[in-house]
Amino acid sequence: SPCILLFGGFNGSARFGDCWKWNLNHGGWSKVPGAGGGEGDPPFPSPRSGAALATREDKPFRAYLFGGSYHDGVKAVYMHDLWEYNHKKDKWRELTGYGALPTPRRGASLSVVGRRCFLFGGHSEGYFLNHYNISAPAPNKRASVGWQSVPPGVTEVPPPRTICGSVAINQCLYIYGGFDGRRRLRDFWKYTIRPQDIPPEEDEEAGGGEEGEGLHSAVTTTIETGGEGGATTTTSSETTTTTTTTKTTKTITTSEEIIEDGEVVKSEKTETTEKAEEEKTDDKKKEDDADKK
């Protein structure tokens with residue numbers, strides 16, 4: 001069922017590490033199991049406030065949580081971990097990051113487009129941020145993501161800020177308002193996602209299985225062979241040459257079923273190859289063959 005996801009927060013004296021869901025169809029809150037932190041407990045984000053949380057539009061049963069902060073008794077500690085929540089399984093897992101890791105922060109905005117997280121703004125250690133960081137799943141690596149800053153070519157960016165509104169619509173990211181440390185903002189910005197920001201997606205399930213869950217695949221192959229003939233005739237003053245072309249088409253269809261993380265993913269790939277063979281016959285050759293007989 002569709003739901004609203006709530007994680008953590010601060011009540012003025014303590015930071016929370018619990019996770020709750022509000023059922024949009026029937027109403028009512030339910031608590032996501034976990035958050036014990038003890039040996040044998042399932043993975044779960046630690047208590048924090050100011051974390052960024054967003055869901056995947058094409059897969060609403062996945063949500064992503066980034067960063068936030070907690071207090072160690074002396075000072076604020078800023079975080080830059082990334083977690084993925086599977087709504088169907090009621091489970092969290094941490095995604096190990098590599099590459100240009102984002103600065104630890106709280107109050108950032110997070111939007112998810114496809115399988116990429118777009119992180120903007122926030123503040124850390126007394127300063128405010130205003131650049132995008134983009135995460136992408138690592139191909140053939142379990143629970144890993146690679147981070148990068150927005151590629152060169154983006155010259156105009158919003159001023160630094162925290163706790164701003166952010167939403168992704170039709171391959172565009174929109175930023176509104178926020179706080180820059182001195183005043184509350186009311187400006188509105190649009191960032192158009194470019195092809196280099198989201199390259200062609202890798203196989204989502206490749207190497208992405210959770211620990212203790214297997215990756216199973218079944219492959220069936222069908223081969224069909226057909227013939228198609230065609231002839232052209234070219235005439236000159238001395239010799240008539242007849243060329244006959246035979247084209248053989250081979251179609252290979254591969255159907256693959258992948259079962260992982262409790263989901264079934266099917267894909268088909270069809271490859272067609274053609275081979276053309278030519279047979280030429282001219283009047284001179286026919287005459288030579290007749291003399292030999």
Side-chain angles (χ1 to χ4, degrees), residues 1-8 19-25 30 32 34 42-45 48 51-68 80-99 102 108-122 132-148 150 164-175 190-210 213 215 258-267:
S1 300
C3 68
I4 295 174
L5 193 66
L6 173 71
F7 183 88
C19 184
W20 293 78
K21 295 186 297 183
W22 173 267
N23 190 307
L24 292 174
N25 286 341
S30 61
V32 176
F44 211 89
R48 65 191 70 194
L53 182 64
T55 59
R56 241 179 106 169
E57 289 186 3
D58 60 333
K59 285 199 174 183
F61 53 85
R62 298 289 173 93
Y64 297 87
L65 178 80
F66 176 87
H80 64 168
D81 50 346
L82 180 66
W83 289 78
E84 179 187 69
Y85 170 71
N86 188 318
H87 171 53
K88 287 185 175 180
K89 300 177 75 67
D90 254 0
K91 290 176 61 176
W92 286 94
R93 67 170 178 171
E94 185 174 5
L95 303 178
T96 304
Y98 66 92
S109 67
L110 185 67
S111 299
V112 182
V113 179
R115 299 174 59 222
R116 298 211 158 195
C117 293
F118 288 78
L119 182 74
F120 177 81
Y132 269 113
N133 292 90
I134 306 174
S135 75
N140 303 320
K141 290 186 178 181
R142 175 177 297 175
S144 297
V145 294
W147 284 98
Q148 66 174 3
V150 170
C164 60
S166 174
V167 66
I169 303 175
N170 296 331
Q171 298 298 302
C172 292
L173 303 174
Y174 296 90
I175 296 291
K190 171 185 173 182
Y191 175 76
T192 301
I193 299 173
R194 304 173 300 170
Q196 59 263 46
D197 296 335
I198 304 184
E201 293 196 2
E202 306 88 358
D203 180 4
E204 180 169 8
E205 305 300 338
E210 298 183 16
E213 297 179 352
L215 173 63
I258 300 175
I259 304 174
E260 182 184 355
D261 198 15
E263 304 164 22
V264 177
V265 179
K266 294 182 178 179
S267 64

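Of all the heavy atoms in H80 and P102, the pair that sits closest is ND1-O, 3.0 Å. Here the closest heavy-atom approach between residue C117 and residue W147 is recorded as O-CZ3, 4.4 Å. The shortest non-hydrogen separation linking N23 to N25 is OD1-N, 2.8 Å. In terms of heavy atoms, G114 sits closest to R56 at O-NE, 3.0 Å. In plain terms, the two heavy atoms of T55 and A63 that are nearest each other are CG2-CB, 3.9 Å. Shortest non-hydrogen contact noted between A52 and L110 is CB-CB, 3.7 Å.
Partners of Y132 under the ring-ring contact (aromatic ring centres under 6.0 Å, His included) rule, at least two apart in sequence or in another chain, are F120, Y191. Every residue two or more places apart in sequence or in another chain was checked for a side chain to side chain contact (heavy atoms under 4.5 Å, CB included) with N170, and none qualifies. Residues satisfying the side-chain hydrogen bond (donor to acceptor under 3.5 Å, both in side chains) criterion with W22, sequence neighbours excluded, are absent altogether. For D90, the side-chain hydrogen bond (donor to acceptor under 3.5 Å, both in side chains) partners at least two apart in sequence or on another chain are K21, Y85. For W83, the side-chain hydrogen bond (donor to acceptor under 3.5 Å, both in side chains) test picks out D81, with sequence neighbours left out. In this structure, S109 has no side-chain hydrogen bond (donor to acceptor under 3.5 Å, both in side chains) partners at least two apart in sequence or on a different chain.
With a 4.5 Å cut-off on side-chain heavy atoms, V32 and F44 count as touching. Residues L5 and C19 meet the side-chain proximity criterion, which asks for heavy atoms closer than 4.5 Å. Looking at F66 and S135, their side chains never come closer than 4.5 Å, going by heavy atoms from C-beta outward. The shortest side-chain heavy-atom distance between T192 and K190 falls under the 4.5 Å cut-off.
With rounding to the nearest 0.5 Å, the separation of CD1 in I193 from CZ in R116 is 10.5 Å. Annotation: the span from Y98 atom OH to Q148 atom CD amounts to 10.0 Å, rounded to 0.5 Å. Taken from CG in L53 to CD1 in I4, the straight-line distance is 11.5 Å, to the nearest 0.5 Å. Atoms CZ and NZ, on F61 and K89 in that order, are 11.0 Å from each other to the nearest 0.5 Å.
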